Amino acid sequence: MDSEIQIMFHVLLFAVCLLIAATFYNLSDAREHTMMEDRLIIVIPLYSLFFFVPLEVAFWILRWIFV
């Protein structure tokens with residue numbers, strides 16, 4: 001895989017994970033939001049890592065298997 005295509009794939013994967021994390025954060029209980037509203041810039045990227053890391057591991061395992 002070209003390095004430019006691989007970089008673009010990972011950036012898009014991280015962007016999708018950020019969207020999923022933001023949606024998850026907005027749908028979570030409102031009581032949690034009162035304490036974390038000022039730390040929103042930190043919370044959503046941390047939530048996105050819970051989606052990004054397993055997808056990244058799956059990507060490298062599947063790449064190792066099929067290439």
Side-chain angles (χ1 to χ4, degrees):
M1 184 182 295
D2 251 350
S3 62
E4 293 89 8
I5 294 173
Q6 189 173 1
I7 291 170
M8 184 177 66
F9 170 76
H10 286 92
V11 169
L12 289 174
L13 179 65
F14 188 68
V16 168
C17 290
L18 279 174
L19 289 174
I20 291 171
T23 304
F24 175 74
Y25 182 78
N26 286 333
L27 293 177
S28 66
D29 193 13
R31 288 174 286 173
E32 296 174 9
H33 290 247
T34 57
M35 296 180 1
M36 295 191 175
E37 285 295 329
D38 55 342
R39 294 185 281 172
L40 187 63
I41 295 173
I42 297 172
V43 172
I44 290 180
L46 287 178
Y47 279 162
S48 69
L49 289 178
F50 290 122
F51 299 105
F52 183 74
V53 171
L55 291 174
E56 185 70 22
V57 169
F59 168 78
W60 286 109
I61 289 174
L62 290 174
R63 186 167 190 260
W64 177 69
I65 291 172
F66 291 114
V67 172

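Note that the structure is a prediction, hence the values are computed from the model and not measured.
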Query - Side-chain hydrophobic cluster, 4.5 Å single linkage: members besides I20 - result: V16, F51
Report task. Identify whether F50 and F14 are in the same connected component of the hydrophobic contact network (ILVMFWY, side-chain heavy atoms under 4.5 Å). Result -> yes
**Report entry** Minimum heavy-atom distance between S48 and L18, given as atom pair plus value
**Finding:** OG-CD2, 3.6 Å
Query raised in the report: By side-chain contact (heavy atoms from CB on, under 4.5 Å), which residues pair with L55, not counting sequence neighbours?
Result: L13, C17
Query raised in the report: Is there a chain of hydrophobic side chains (I, L, V, M, F, W, Y, each step under 4.5 Å between heavy atoms) that links F9 to W60?
Result: yes
Requested in this report: Using the test side-chain contact (heavy atoms from CB on, under 4.5 Å), find all partners of I65 that sit at least two apart in sequence or belong to another chain.
Outcome: I61
Query raised in the report: How are the rings of F59 and H10 set relative to one another: parallel (under 30°), tilted (30 to 60°) or perpendicular (over 60°)?
Result: perpendicular
Query raised in the report: Among all residues two or more places apart in sequence or in another chain, which pass the side-chain hydrogen bond (donor to acceptor under 3.5 Å, both in side chains) test with W64?
Result: none
Query raised in the report: Residues sharing V67's hydrophobic cluster, by side-chain heavy-atom contacts under 4.5 Å among ILVMFWY, directly or via others?
Result: none
